[in-house]
Amino acid sequence: MRSWGFIEVVGYIPAVAAADAMVKAADVAGCEVIGGGYVTVAVTGEIGAIRTAVDAGAAAAKQAGQLHCAHVIARPAEGAAKVVGLKLSDNKE
């Protein structure tokens with residue numbers, strides 16, 4: 001089971017900076033930017049990679065704008081993505 005990592009920022013520019021840093025910092029399988037007043041960047045992968053990616057993304061978001069929060073979920077329950085409407089995939093592209 002893959003883990004999830006999330007970074008929520010204020011604005012699109014910090015979200016792009018966070019997403020860029022996250023995929024460069026670690027081997028993550030997918031990256032999804034979820035829009036709204038706050039913008040959430042979500043990634044999936046192995047727990048160590050996700051923790052590294054979230055740390056790098058949070059630092060990049062702070063530098064580019066305003067970081068609201070960051071969180072890692074290890075081994076989410078099956079079906080959780082469907083319940084919360086995430087499109088994260090376990091497939092590497």
Side-chain angles (χ1 to χ4, degrees):
M1 172 69 68
R2 296 225 177 239
S3 299
W4 295 342
F6 300 93
I7 293 182
E8 190 168 70
V9 299
V10 178
Y12 190 71
I13 302 289
V16 172
D20 179 56
M22 290 169 86
V23 297
K24 287 179 180 175
D27 184 22
V28 293
C31 182
E32 180 178 352
V33 177
I34 305 162
Y38 287 103
V39 181
T40 304
V41 180
V43 292
T44 184
E46 297 303 320
I47 187 66
I50 293 302
R51 286 193 174 132
T52 299
V54 167
D55 289 345
K62 282 181 188 176
Q63 186 175 19
Q66 184 179 350
L67 172 69
H68 184 257
C69 61
H71 190 67
V72 172
I73 299 175
R75 299 182 332 253
E78 290 220 17
K82 185 176 180 181
V83 170
V84 296
L86 288 176
K87 298 176 186 114
L88 290 173
S89 169
D90 281 345
N91 300 326
K92 292 195 177 204
E93 296 185 31

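When reading the values below, keep in mind they use all heavy atoms of this one structure, side chains included, and skip hydrogens, waters and symmetry mates.
- Listed by chain and residue number, I7, P14, A15, V39, A61, L67 satisfy the side-chain contact (heavy atoms from CB on, under 4.5 Å) test with V9 (two or more places apart in sequence, or in another chain).
- Applying the side-chain contact (heavy atoms from CB on, under 4.5 Å) rule to A74 yields the partners S3, I47; only residues at least two apart in sequence or on another chain are considered.
- Residues passing the side-chain hydrogen bond (donor to acceptor under 3.5 Å, both in side chains) test with T52, sequence neighbours excluded: none.
- The ring-ring contact (aromatic ring centres under 6.0 Å, His included) pairs that include a residue from residues 33-69 are Y38-H68, where partners are two or more places apart or lie in different chains.
- Taking both residues in full, the closest heavy atoms of V54 and A70 are given as CG1-CB, 3.8 Å, listed atom of the first, atom of the second, then distance.
- M22 and V41 get closest at one heavy-atom pair: SD-CG1, 3.8 Å.
- For residues 3-25, the salt bridge (Lys or Arg N to Asp or Glu O under 4.0 Å) pairs, not counting sequence neighbours, are D20-K24.
- Minimum interatomic distance between A17 and A64 (heavy atoms only, all atoms of both residues): CB-CB, 3.8 Å.
- Hydrophobic clustering of Ile, Leu, Val, Met, Phe, Trp and Tyr side chains at less than 4.5 Å, counting indirect connections, keeps I13 apart from V23.
- No single ILVMFWY cluster, assembled from side-chain heavy atoms under 4.5 Å apart, contains both F6 and V10.
- With sequence neighbours excluded, no residue satisfies side-chain hydrogen bond (donor to acceptor under 3.5 Å, both in side chains) with K62.
- A pairwise comparison of heavy atoms in A25 and A56 identifies CB-CB, 3.5 Å as the closest pair.
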